[in-house]
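Working notes for the structure below.
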There are 2 protein chains.
Amino acid sequence: MSSKILLVDNDIPLQTMLADHLQKVYRVVTATNGQETMRQAFSEHPHLVIVEVELPGMDGWGVIARLREISSIPIIILSKRTSEADKLRGFTLGVDDYITKPFSYAELLARINAVLNRTRRGTGTLENILIVDDLMIDLNRREVRLDTKLVDLTPTEFRLLEILARRHGKAVSEEELTKQMWGEYRHEGSTILRRYIWSLRSKLEEDPANPKWIVTIRGFGYMLE
Amino acid sequence: MSSKILLVDNDIPLQTMLADHLQKVYRVVTATNGQETMRQAFSEHPHLVIVEVELPGMDGWGVIARLREISSIPIIILSKRTSEADKLRGFTLGVDDYITKPFSYAELLARINAVLNRTRRGTGTLENILIVDDLMIDLNRREVRLDTKLVDLTPTEFRLLEILARRHGKAVSEEELTKQMWGEYRHEGSTILRRYIWSLRSKLEEDPANPKWIVTIRGFGYMLE
DNA sequence: AAATATTTTCATAAAATATTTATGGTTATG
DNA sequence: CATAACCATAAATATTTTATGAAAATATTT
């Protein structure tokens, strides 16, 4: 069963947009002010509350304080900017994470997952989730999302992407990739890696001929941007 | 399952005595001040709150007001004396009943039942019950319900579903499933797990060929959604 | 233009998974 | 006590998906 998230934001258009996206992955309930938040928290018992800190009437911090009065429900703060003072303030209130606008959906999803995993059982950081920009590789579910859209990969493709993602921003040599994928005994002119780079691209890239994600480092190997 | 009652009273000896008696009929949780009351209301979701109106810090009326802010949970007021003014005050707050000390247990139970019957819709606890969306696995009764309909499973099927449910949302490898089900000692190419995945699906899934619950993670294992 | 590197297409083999059938054992039932 | 119903397991078969090598096409460098 997917987790339930309470989204608190008084900017209705933005809230709607966010909710739409999150709904693909979680169950989402919303509130636009302090009182509504408390009601929803009570009746829906969400697993996580995401609070935009500039709320009218009761400001975001007030909401958080009152939530904290009645429970230890995980809270993520959403704000335009997060000063050190804010972080301190949040820390004393037991806020679980901060996200500063602008943010990518992948980042949001990842942080949500991280917080949920952490609170569901003891530890767990984002270790089981790799994030590269708008690309999320969820090693728990063994699924890949590009801007919330699920990308269907074969096991081999998944493995290859995982390797690249673990070193994203760094070029990985063809030889090393091949070795990691198929072990030492594959060396002689094996063309198989390229075959998979190609199929990954065709699933991941908007325009596979001009790859944005998996770029070729000519004479060396490949790199995930 | 019996109803759950939140008993709010700062007179500890009296509260204890009351709780002892009520416990024979209901499940009882307690609080001794305003904040604790809000916490309990949130985390326990009682069917009924009984409030002693002379509380320290936040007085009884304040507690009631704050409870009413977040829910329409039934409330019974307990007080030494109930003036007409109090009744009016309570009425505007939507209090369900008043009990004036001294009172007999019989009277208390009667009024509790009356209020509960008025508002009743019994809900159970979640202990020893795994819930995944519309799927309920009752480990006590060893029964599985899908959207209230009972699903008849064999012991082996039940065990398999339980394992999957405990990690729902995460892929579980075929190897691990097999190990958990039958231990280490099972020859390599054992296909027995698939047999049971298949029979589970045929009992659980609306369209077993397009499983919604038990999805295969190709090259890895299975996952309960 | 030749040499080299990379991308793309294609056909096929291999594998992973799903489904059906068979068998022996256990339990419930009359 | 016999019989039927049920179940766990194994094994056989069918179906779907994936891995792979090689060849052809394209691009880039020298």
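Atoms considered below: every heavy atom in the structure, side chains included; atoms not considered: hydrogens, waters and symmetry mates. Chain letters run A, B, ... following the sequence lines, proteins first, then strands; residues in each count from 1.
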Problem - Backbone of B:Asn210 reached by a side-chain donor or acceptor of B:Glu205 within 3.5 Å - result: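 Answer holds: no.
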
Exercise for the section: Could you tell me whether a side-chain N or O of B:His45 sits under 3.5 Å from a main-chain N or O of A:Phe42, the two making a donor and an acceptor? Expected result: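 Looks like yes, one N/O pair under 3.5 Å.
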
Exercise for the section: Go through DNA chain D and write down every stem, that is, every run of at least three consecutive Watson-Crick or G-U wobble pairs with distances under 3.5 Å, as range with range. Expected result: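 Stems (3+ consecutive pairs) listed as C:1-30 with D:1-30.
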
Separation of [N] [atom2] from [X] [atom1] (nearest whole Å):
X        : N      : atom1 : atom2 : value
A:Met181 : D:dG21 : CE    : C1'   : 16 Å
B:Ile192 : D:dA8  : CD1   : P     : 9 Å
A:Phe220 : D:dT28 : CZ    : C1'   : 19 Å
B:Asp152 : D:dA5  : CG    : P     : 16 Å

Problem - Plane angle bin for A:Trp182 and A:Tyr196 - parallel if under 30°, tilted between 30 and 60°, otherwise perpendicular - result: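 Tilted.
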
Handout entry: Matching residue for B:Ile5 among B:Leu18, B:Thr30, B:Leu48 - test: side chain to side chain contact (heavy atoms under 4.5 Å, CB included)
Key =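 By the side chain to side chain contact (heavy atoms under 4.5 Å, CB included) criterion, B:Ile5 pairs with just one of B:Leu18, B:Thr30, B:Leu48: B:Leu48.
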
Problem - Under-4.0 Å salt bridge between A:Arg194 and A:Glu174 - result: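 Result for this pair is yes, salt bridge flagged.
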
Exercise for the section: Applying side chain to side chain donor-acceptor pair (under 3.5 Å), name anything that partners B:Glu175, two or more places apart in sequence or on another chain. Expected result: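 Applying side chain to side chain donor-acceptor pair (under 3.5 Å) to B:Glu175 gives none.
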
Exercise for the section: Identify whether any heavy atom of B:Tyr222 sits under 4.0 Å from a base atom; if not, whether one sits that close to sugar-phosphate; answer base, sugar-phosphate or nothing. Expected result: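 Counting heavy atoms under 4.0 Å across all strands, the contact made by B:Tyr222 is with sugar-phosphate only.
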
Practice task
Could you check whether B:Glu174 gets within reach of a base, just the sugar-phosphate, or nothing at all, counting any heavy atom under 4.0 Å?
Solution key: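 The residue B:Glu174 makes sugar-phosphate contact but no base contact.
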
Handout entry: Pairwise 5' ranking along DNA chain D for A:Arg218 and B:Thr156, keeping only the more 5' one
Key =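 By nearest-heavy-atom nucleotide position, the 5'-most residue is B:Thr156.
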
Please table the atom pairs, donor to acceptor, closer than 3.5 Å between any side-chain atom in residues 149-161 of chain B and protein atoms at least two apart or in another chain.
from	atom 1	to	atom 2	distance (Å)
B:Thr154	OG1	B:Glu157	N	3.3
B:Thr154	OG1	B:Glu157	OE1	3.4
B:Glu157	OE1	B:Thr154	N	2.8
B:Glu157	OE1	B:Lys203	NZ	2.8
B:Glu157	OE2	B:Ser199	OG	3.3
B:Glu157	OE2	B:Lys203	NZ	3.4
B:Arg159	NH1	B:Met181	O	3.0

Less than 4.5 Å apart, any side-chain heavy atom of [X] and any of [Y]?
X        : Y        : answer
B:Trp213 : B:Leu164 : no
A:Ile75  : A:Arg68  : yes
B:Asp138 : B:Arg145 : no

Determine: side-chain N/O of [X] to OP1/OP2 of [N], distance under 4.0 Å, yes or no.
X        : N     : answer
B:Trp182 : D:dA8 : no
B:Thr191 : D:dT9 : no
B:Thr154 : D:dC7 : no

Practice task
Provide the start and end nucleotides, 5' to 3', of the part of DNA chain C that has atoms under 4.0 Å from heavy atoms of chain B.
Solution key: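 From 5' to 3', the first and last contacting nucleotides are C:dA16 to C:dT21.
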
Problem - DNA chain D contacts made by residues 193-215 of chain B, counting heavy atoms under 4.0 Å - result: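 Hits under 4.0 Å, by residue number: B:Arg195, B:Tyr196.
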
Exercise for the section: Could you name each residue pair satisfying side chain to side chain donor-acceptor pair (under 3.5 Å) that touches residues 214-225 of chain A, not counting sequence neighbours? Expected result: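 Every pair satisfying side chain to side chain donor-acceptor pair (under 3.5 Å) with a residue in residues 214-225 of chain A: A:Arg201-A:Thr216.
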
